[in-house]
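What you are looking at is a predicted structure, and each value in this text was computed from that prediction instead of being measured. Each ligand, and each atom within it, is numbered from 1 in the order the structure gives.
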Amino acid sequence: MSCIFCRVVSGELPSSKVYESDLVVAFEDIQKVAPVHVLVVPKQHLASIAELSPQDAALLSDIQRAIQSVIAANGLAESGFRVVTNHGESAGQTVFHLHFHVIGGRVLETSLG
Ligand code: AMP
Ligand code: ZN
């Protein structure tokens, strides 16, 4: 298995997990850009959000549950945060397994691109 996040999901690679459900895992990014930097990752391999269909309702719900858990655990509703997902190299995607960055705990630059 060559996909890094499939290997994290299977436990072959270590991670600092902060949330897990049947469909999703959330763990600390190894190269944090802010005090809170968690990746919410479906256990199923999807290359990016472009492969996520509206019919994946159960998965979308679990992704939002994981995001809410990270918000609550870190007081991000008060302090502010950003959720980012990248598709393609030109957008900065380096791991081609769908993931949502949840970033907070400091003042974030306003630029999106
Ligand atoms: P992206 O550039 O949007 O594809 O984001 C990939 C993110 O995955 C980067 O922020 C990396 O620091 C992070 N990352 C890569 N490998 C690991 C890993 N083994 N455990 C945790 N985070 C990782
Ligand atoms: Zn994968």
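- A salt bridge does not link D29 with K32: every distance from a Lys NZ or Arg NE/NH1/NH2 to an Asp or Glu carboxylate oxygen is 4.0 Å or more.
- The distance from the CD1 atom of I67 to the CZ atom of F100 is 6.5 Å, given to the nearest 0.5 Å.
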Present, as a list of atom pairs with distances to 0.1 Å, all nitrogen or oxygen contacts under 3.5 Å between ligand 1 and the protein.
from	atom 1	to	atom 2	distance (Å)
ligand 1	2 (O)	G92	O	2.7
ligand 1	2 (O)	T94	N	3.4
ligand 1	2 (O)	T94	OG1	3.0
ligand 1	3 (O)	N86	ND2	2.8
ligand 1	3 (O)	H99	NE2	3.0
ligand 1	3 (O)	H101	NE2	2.8
ligand 1	4 (O)	T94	N	2.7
ligand 1	4 (O)	T94	OG1	3.3
ligand 1	4 (O)	V95	N	3.0
ligand 1	4 (O)	H99	NE2	3.1
ligand 1	5 (O)	H99	NE2	3.0
ligand 1	5 (O)	H101	NE2	3.3
ligand 1	10 (O)	D29	OD1	3.2
ligand 1	10 (O)	D29	OD2	2.5
ligand 1	12 (O)	D29	OD1	2.6
ligand 1	22 (N)	I30	N	3.2

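- Although no hydrogens or angles enter the test, the distance criterion places no donor-acceptor pair under 3.5 Å between the side chain of K43 and the main chain of E20.
- Between L108 and I103 the shortest side-chain heavy-atom distance falls below 4.5 Å.
- Residues passing the ring-ring contact (aromatic ring centres under 6.0 Å, His included) test with H45, sequence neighbours excluded: H97.
- Residue pairs meeting the ring pair (Phe, Tyr, Trp, His ring centres under 6.0 Å) criterion with at least one member in residues 52-96: none, sequence neighbours excluded.
- At a cut-off of 2.8 Å, measuring from the Zn ion (ligand 2), the protein N, O or S atoms that fall short of it are C3 SG, C6 SG, H45 ND1, H97 ND1, waters left aside.
- Each of L98, L52, V9, D62 was compared with P42 under the side-chain contact (heavy atoms from CB on, under 4.5 Å) criterion, and only L98 meets it.
- Judged by distance alone, the side chain of D56 and the main-chain N or O of S53 form a donor-acceptor pair under 3.5 Å.
- In terms of modelled atom types and a separation under 3.5 Å, the side chain of S61 and the main chain of A57 share a donor-acceptor contact.
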